[in-house]
Amino acid sequence: MSSSKIPCTLVWLRQDLRLIDNPALFHAAKRGQLITVYIFDEDCSGKRRTGQACLWWLYHSLKSLRNQLSQWNIPLIVKSGKDAFTILKELLDSYNADAIYWNRCYEPFEYNRDCSIEEKLKMENVTVETYQDRVLFEPWTIKTAKGGPVQIYVHFWNQCLSLPQPRKPYDKPKFKNQTGCQSKCDEPAVWQRLAKLSQDMPMKLQDFWHPGEEQAISKLKSFIKNSLNAYAEKSQCLRLNTTSNLSPYLHFGEISPFTVWHSVRHASSSAEPPAVKSESLKQYLRSLGWREYTCHLLFHYPDLPQKCFRSSFEQLKLQVDPVKLQSWQQGNTGYPVVDAGMRQLSVAGIMPNRLRMIVASFLIKHLLVPWQKGEEWFWSKLIDADLAQNAFNWQWAAGSGPNACPYFRVFNPITQGEKFDADGYYVRKWIPELAALPNAYIHKPWEAPSTVLKKANIVLGKTYPRPIVQHKAARELALATFGQTKRKQEPPTSNSNKRVKEE
DNA sequence: CCATAATTGTA
DNA sequence: ACAATTATG
């Protein structure tokens, strides 16, 4: 038991595994000694279990942060097995800490849990401070004239842009060396379980990713230096992949949206090269805006990951064809661009956004599988799996969401491939067995003459599958099926009981 | 109430 | 050219 008079603060880490621009850590460091805890609460009812790929990331990200904090002998304790309130209370008692700080999370389960923990701790005379994090604009500050959530993205983002700029990032906290405050109740069992879960990963994530705050910052810097200027023109090009690739870092909070926001704005307004086209800056910020938008939507509509936002889509009663679903999952649909995307997902845990739209449209419209099945698969495979973004994007593709893609829009996997992977680079990278196929057929191998196939060493149905559905027929069936949703229905009511943080 | 506009397409 | 519906001011 520490009997020192220096106040000790517990910092509850969640999706904010970083030092730079971490308000809770910043303020706790100013106060005095601190300890940090991460609660690995996998068996919480009401909470989604962490996906397979994300478990791997989480373990490495925690390891990296723990390593950083150890420079000042600040413990990062990993706990599990009890409810969050009990764990926090026990830690406060055993370290004789009188205050707890955390950065806010906005997923409905987290937000509600945290509000009630805050209340209970305050009743026990614990000082509780929570800070805005994860979102550039608090969800309750963006509303329509009537006071409801804004559903159309353009209106949403324009409103955000009309507000004062998001705050500047905080500096790295000035920690003091904390000799004598070593972790005294760490549970190696939890840590080992996490390590084991992440080692059992069948994917090859370590070949593609390096979790950790330092990597996040260097990714951001190289994006600004090399790709930001071309973002408007080339962000969709599958060969170049000039996106920022920050999504997993943003998800786990190894970098904050405030840091990203101000860094890209600063780069584009400074006289130093590289020059950044204003259209590129605008579009990149708009992408950040979509992240913001989905987070707000989930906050207001907690059912978003489960139920169709437009209830007329619930009546479709689609039957899952398990064979087709599996072909899609394994990247064996016979449509090269779809398969390339799905294979990249299974190996590298990521897929460019363009591909996410194509494969989602394919699963929903060509294979008539409910979007929830796709959402589930992405959840387990994506290294940046984020509840709000995943749910929104799948509902978008299905046409059942707010601000969604119209039901009659069926992505054509051949023309999409020809448009965004014109030279077949992406397909050849992820489906090497098609590598020798000439460009003219790379997105439609079934149309290649037999001599061409033979020369390329391809036997359709053997080395690469034939299409599992015919595009034209599948398209017509999708239009007829989804046409049934044309019926007016009540939109869901937003969650009005939600407690709201006063500014 | 009405006018307007709505991320990323297809044939 | 076109598809259909809805949110928003």
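Quick note on labels: first sequence line is chain A, next is B, and so on, each numbered from 1. Computed from a prediction, not measured in an experiment: that's the story for all the values here. Side-chain atoms are counted along with the backbone in the values below, which use heavy atoms only and exclude waters and symmetry mates.
- Nucleotides C:dT6 and B:dG9 place their P atoms 23 Å apart, quoted to the nearest Å.
- One finds no side-chain N or O of A:H155 lying less than 4.0 angstrom from the OP1 or OP2 phosphate oxygen of C:dT6.
- Phosphate proximity of B:dT7 to A:R354: absent, as no side-chain N or O sits under 4.0 Å from OP1 or OP2.
- You'll find a donor-acceptor pair under 3.5 Å spanning the side chain of A:W290 and the base of B:dT7, going by distance alone.
- If you measure from atom CD of A:Q484 to atom P of C:dA4, you get 15 Å, rounded to the nearest angstrom.
- If you check B:dT8, B:dA11, C:dT8 against the side chain of A:W396, the one that comes closest is B:dT8.
- With respect to A:R48 and A:E107, no salt bridge is recorded, no charged nitrogen being found less than 4.0 Å from a carboxylate O.
- The side-chain tip of A:R167 points at the ring of A:F258 from less than 6.0 angstrom away and within 45° of straight on.
- The A:F392 side chain lies nearest to B:dT7 when the options are B:dT7, B:dT8, C:dG9.
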Practice problem: Give the C-alpha distance, both sets of side-chain angles, the deciding distance and a yes or no for side-chain hydrogen bond (donor to acceptor under 3.5 Å, both in side chains) between A:Q395 and A:S400. | Solution: CA-CA 5 Å; A:Q395 292 232 38; A:S400 66; 2.7 Å; yes

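- Checking B:dA11, B:dG9, B:dA6 against every side-chain atom of A:V154, the shortest atom distance belongs to B:dA6.
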Quiz item: In dot-bracket, 5' to 3', how would DNA chain B read with Watson-Crick or G-U wobble pairs under 3.5 Å, [ ] for crossing ones and | for pairs to another strand?
Solution: .|||||..||.

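- Between the CD atom of A:Q159 and the C1' atom of C:dA7 there is a distance of 13 Å, given to the nearest Å.
- Taking atom P on both C:dC2 and B:dT7, the two are 23 Å apart, rounded to the nearest angstrom.
- Atom CD1 of A:I152 is separated from atom C1' of C:dT5 by 10 Å (rounded to the nearest Å).
- Figure legend: cation-pi geometry between A:K381 and A:W377, with NZ or CZ positioned under 6.0 Å from the six-membered ring centre and within 45° of its axis.
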For residues 431-441 of chain A, please give each side-chain donor-acceptor pair under 3.5 Å, one per line with the distance, not counting sequence neighbours.
{"from": "A:E433", "atom 1": "OE2", "to": "A:R343", "atom 2": "NH1", "distance (Å)": "2.9"}
{"from": "A:N439", "atom 1": "OD1", "to": "A:R428", "atom 2": "NH1", "distance (Å)": "3.1"}
{"from": "A:N439", "atom 1": "OD1", "to": "A:R428", "atom 2": "NH2", "distance (Å)": "2.9"}

Quiz: residues 223-235 of chain A side-chain donor-acceptor pairs under 3.5 angstrom, not counting sequence neighbours:
{"from": "A:N226", "atom 1": "ND2", "to": "A:S222", "atom 2": "O", "distance (Å)": "3.2"}
{"from": "A:N229", "atom 1": "OD1", "to": "A:K277", "atom 2": "N", "distance (Å)": "2.7"}
{"from": "A:Y231", "atom 1": "OH", "to": "A:S287", "atom 2": "OG", "distance (Å)": "2.9"}
{"from": "A:E233", "atom 1": "OE1", "to": "A:K277", "atom 2": "NZ", "distance (Å)": "3.2"}
{"from": "A:S235", "atom 1": "OG", "to": "A:Y231", "atom 2": "O", "distance (Å)": "3.2"}

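- Rounded to an integer number of Å, the gap from CE of A:M351 to P of B:dT8 is 20 Å.
- Taking atom CD of A:E476 as the reference point, atom C1' of C:dA3 lies 15 Å away to the nearest angstrom.
- In this structure, the CD1 atom of A:I142 is 15 Å from the C1' atom of C:dT8, given to the nearest Å.
- Here A:N22 pairs with A:N103 under the side chain to side chain donor-acceptor pair (under 3.5 Å) rule; sequence neighbours left out.
- Taking the side chain of A:R475 as heavy atoms from C-beta on, and the options B:dT8, B:dA11, B:dT7, the nearest nucleotide is B:dA11.
- For the pair A:K365 and A:F411, the NZ or CZ position fails the cation-pi test of under 6.0 Å to the six-membered ring centre and within 45 degrees of the ring normal.
- In this structure, A:H471 atom NE2 and B:dG9 atom C1' are separated by 11 Å, rounded to whole Å.
- The number of heavy-atom neighbours closer than 6.0 Å to CD of A:Q330, taken from other residues, nucleotides and ligands shown, is above 12.
- Near DNA chain C, defined here as any heavy-atom distance below 4.0 Å, the residues from residues 401-418 of chain A are A:Y407, A:F408, listed numerically.
- The side-chain contact (heavy atoms from CB on, under 4.5 Å) search around A:L460 returns A:P445, A:W446, A:L453, A:I458, A:Y464, A:R466, not counting sequence neighbours.
- Between the P atom of B:dT7 and the CZ atom of A:F156 lies a distance of 13 Å, rounded to the nearest Å.
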